[in-house]
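Working notes for the structure below.
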Amino acid sequence: MSIDIVPLTQADIPGAVDCVQKAFADDPYFRWAFDDPSKFNIQRNAASLAAHLQYGISCNCPISVAKITRAANETKSDAEIHLPAGTVVGVAWWYSPQAPSMAQPWSVWAQDWLLSFRQLIYNIRFLGRGGLNVHRYWIWKKVQQIAHDTIWQDPRGYYFCNVVCVDSKARGMGVGKKLMENVMEKADRENMPCYLESSKGYPNVSIYERMGFELVKEIECADGKDVCKLYCMIRNPKSKE
């Protein structure tokens, strides 16, 4: 089995959505934000993810997917029978650096409004946000903004890794590392820092540390006694020398 890392296209969005949903089903932040499983609507969640990925494509965000490829004469093993060619088995969803001092381009501004409109339509179509605890969402956004104001010291901004995930069937093959390197190498060439937030301390923090990230802050999103901890990590650009 061969896996290629390629830019996300419109045709890849359904596969990318499916990969993200499966990978984050047991994520601590996901369980905290969607705290009532009986209210979770997987179709509404898929529509929201698809809209955000379309937004990323339209804004030229560096979003990549890992896809199964095979030569025509390559024999499938028993372990790979459920992974046909073209299957998306990994997603790395990044946002490009944005200097706080720079005005937002009109094209991005327009896409922001389009995304908001799509979400409004989905709210009507699916009778709500599909189980998202909106109160907790805004708790997270406020805590996140306070953290960014404290630790984002580079005036040029950061490559922000919003999501990185790998299908369970493709784990242990270095797919996650390849997805991360796809942007980290670009950041190194541009002498730009990278940033991510992980909701899993173990084993994620040590994995990202091996990629050059440093744990700079731990933040807590608390709603009463229900707390979700996030680990904020920064990777400074590496010199080729």
Minimum heavy-atom distance between [X] and [Y], given as atom pair plus value:
| X | Y | value |
| --- | --- | --- |
| A46 | Q21 | N-NE2, 3.3 Å |
| V6 | K67 | CG2-CD, 3.6 Å |
| A16 | L8 | CB-CD1, 4.1 Å |

*asked:* Test: ring pair (Phe, Tyr, Trp, His ring centres under 6.0 Å). Region: residues 171-192. Which pairs qualify, not counting sequence neighbours?
replied: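 Qualifying pairs, neighbours excluded: none.
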
Would you say [X] and [Y] make side-chain contact, with heavy atoms under 4.5 Å?
| X | Y | value |
| --- | --- | --- |
| P193 | R156 | yes |
| F24 | V163 | yes |
| I3 | I68 | yes |
| I5 | L179 | yes |
| C61 | W94 | no |
| V17 | P14 | no |
| R118 | Y122 | yes |
| Y159 | M184 | no |

Say whether [X] and [Y], considering side chains only, have a donor N or O and an acceptor N or O under 3.5 Å apart.
| X | Y | value |
| --- | --- | --- |
| S107 | Q111 | no |
| Q119 | N123 | no |
| D112 | Q104 | yes |
| T9 | D12 | yes |

_Reference residue I13; test side-chain contact (heavy atoms from CB on, under 4.5 Å); the match among I63, L49, I57_ =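 Only one option passes, and that is I57.
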
*Measuring from M233:CE to R235:CZ, what's the distance to the nearest 0.5 Å?*
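Here the interatomic distance stands at 11.5 Å.
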
*Nearest 0.5 Å, what's the CD1-CG distance between I234 and D154?*
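With rounding to 0.5 Å, CD1 (I234) is 9.0 Å from CG (D154).
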
With a 3.5 Å distance limit and no angle check, can you tell me whether [X] reaches the backbone of [Y] through a side-chain donor-acceptor pair?
| X | Y | result |
| --- | --- | --- |
| T69 | S2 | yes |
| S48 | N45 | no |
| R129 | V134 | no |

*List the steps and the verdict of ring-ring contact (aromatic ring centres under 6.0 Å, His included) for F34 and Y29.*
CA-CA 8 Å; F34 292 83; Y29 170 77; 8.2 Å; no

*Take L196 and M180, measure what side chain to side chain contact (heavy atoms under 4.5 Å, CB included) needs, and give me the verdict at the end.*
CA-CA 11 Å; L196 62 80; M180 294 292 287; 3.8 Å; yes

*Kindly state whether the ring of Y195 and the ring of F160 have centres lying under 6.0 angstrom apart.*
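Yes - the distance between ring centres of Y195 and F160 falls below the 6.0 Å cut-off.
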
*asked:* What verdict does the side chain to side chain contact (heavy atoms under 4.5 Å, CB included) test give for Y158 and M192, after you've listed the backbone C-alpha separation in whole Å, the side-chain angles of each residue and the deciding distance to 0.1 Å?
replied: CA-CA 7 Å; Y158 294 76; M192 293 294 297; over 6 Å; no

*K200 atom NZ: more than 12 heavy-atom contacts under 6.0 Å*: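 Yes, the 6.0 Å shell around NZ holds more than 12 heavy atoms from other groups.
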
_Presence of salt bridge, D223 and R136, under 4.0 angstrom_ =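 Salt bridge between R136 and D223, a charged N being under 4.0 Å from a carboxylate O: yes.
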
*Worked verdict on C165 versus C19 for side chain to side chain contact (heavy atoms under 4.5 Å, CB included)*: CA-CA 8 Å; C165 63; C19 184; 4.0 Å; yes

Give every donor-acceptor pair under 3.5 Å between a side-chain atom in residues 201-222 and any protein atom, sequence neighbours left out.
from : atom 1 : to   : atom 2 : distance (Å)
N204 : ND2    : S198 : OG     : 3.2
S206 : OG     : P203 : O      : 2.9
E218 : OE1    : K229 : NZ     : 3.3

*In sequence, state the C-alpha distance, the side-chain angles, and the governing distance for D226 and R31, and then conclude on salt bridge (charged side-chain N to carboxylate O under 4.0 Å, His left out).*
CA-CA 11 Å; D226 201 354; R31 294 201 307 267; over 6 Å; no

